[in-house]
Amino acid sequence: MERLQKVIAQAGVCSRRKAEALIARGRVRVNGKVVTEPGTKVSGSDAIEVNGKVLDKEDKVYYLMNKPKGTICSVSDDKERKTVLDYLPKDKRIYPVGRLDFDTSGILLLTNDGEFTNRMIHPRYHVPKTYTINLQGMLTPEDIQRLKTGLKTRDESYQPAKVRILQKDYTRDRMILELTISEGKNHQVKNMMEALGHEVRKLNRKSFGPLSAEGMKPGEYRVLKRHEIRELLRLAAEGEQRREGEER
Ligand code: URA
């Protein structure tokens, strides 16, 4: 059983919040009866109508894109900047799985499957994402240790990260490193580096679980293969089990 607004949103009609408003306004029927209580639980066999139209159980789609720098990860933009959705077919209400900043490039998943999205981005599922960071300044061994054990700042606390130093440029005081994290807090990588006193010059997400966008041009996308979706969901289930084990 799922909450009514979630089912409506997952069918691609509108956002969850708008679905709640439609329910409250009496625009939704379940098995012919008007339901005004958001949160009402429904099952796959219930017939749902929104504004008099029977809910289509939309096929799920999953894309992998190499997000170009200079695009935003939202459905529309009031400043009319290019969004990642401008690159994709427009026949379904798809949205990005989490966000990459305007100036970040790299692997991005997009789907119309809300449950899949939740499993990919919620920290409890521990799906690892690796970023390549072009950093102004050098991390010290103490900085690296803080990242590895779980960086704590005045306002935030981050789970332990994996760190791999790829290059050090002493003349320009820059380094290139890889950081693997399983959370997806807003501007997380930049904030972590800023907390250590450094500015991120360039950021690329290199991998998402076992997947990467290597070899794809900026803006290029492809449909995820079934075994890739299965593997991502398996990773999320494993991550959740591991976490539950650690909490016990
Ligand atoms: N962390 C950031 O700071 N920015 C991104 O785009 C992704 C992770």
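We number each residue from 1, following the sequence as shown. Keep in mind that what you see is a predicted model, and the values were worked out from it rather than measured. Indexing begins at 1, ligand by ligand and atom by atom, following the structure's order.
- In summary, the side chains of Asn51 and Arg27 do present a donor paired with an acceptor at a separation below 3.5 Å, with no hydrogens or angles considered.
- Salt bridge status for Arg119 with Glu115: present, with a side-chain N to carboxylate O gap under 4.0 Å.
- Looking at Leu203 next to ligand 1, no N or O pair under 3.5 Å apart turns up.
- For residues 209-244, the ring pair (Phe, Tyr, Trp, His ring centres under 6.0 Å) pairs, not counting sequence neighbours, are Tyr63-Tyr221.
- At a threshold of 4.0 Å, the pair Glu20-Arg16 does not count as salt-bridged, since none of the basic side-chain nitrogens sits closer than that to a carboxylate oxygen.
- Counting only N and O atoms by type, the side chains of Asp169 and Thr171 include a donor and acceptor under 3.5 Å apart.
- Below 4.0 Å from some heavy atom of Thr104 lie the following atoms of ligand 1, by number and element: 4 (N), 5 (C), 6 (O).
- Under a 4.0 Å criterion applied to the non-hydrogen atoms of Lys190, ligand 1 contributes the atoms 2 (C), 3 (O).
- The side-chain heavy atoms of Thr71 and Thr83, taken from C-beta on, include no pair separated by under 4.5 Å.
- Counting atoms of ligand 1 from 1 in the listed order, those under 4.0 Å from a heavy atom of Val189 are 1 (N), 2 (C), 3 (O), 8 (C).
- Shown in contact with Tyr131 at under 4.0 Å from a heavy atom are these atoms of ligand 1, numbered in order with element: 7 (C), 8 (C).
- With ligand atoms numbered from 1 in the order given, ligand 1 contributes 2 (C), 3 (O), 4 (N), 5 (C), 6 (O) to contacts under 4.0 Å with heavy atoms of Asp101.
- Close contacts between ligand 1 and His187 involve ligand atoms 1 (N), 2 (C), 3 (O) [criterion: under 4.0 Å to a heavy atom].
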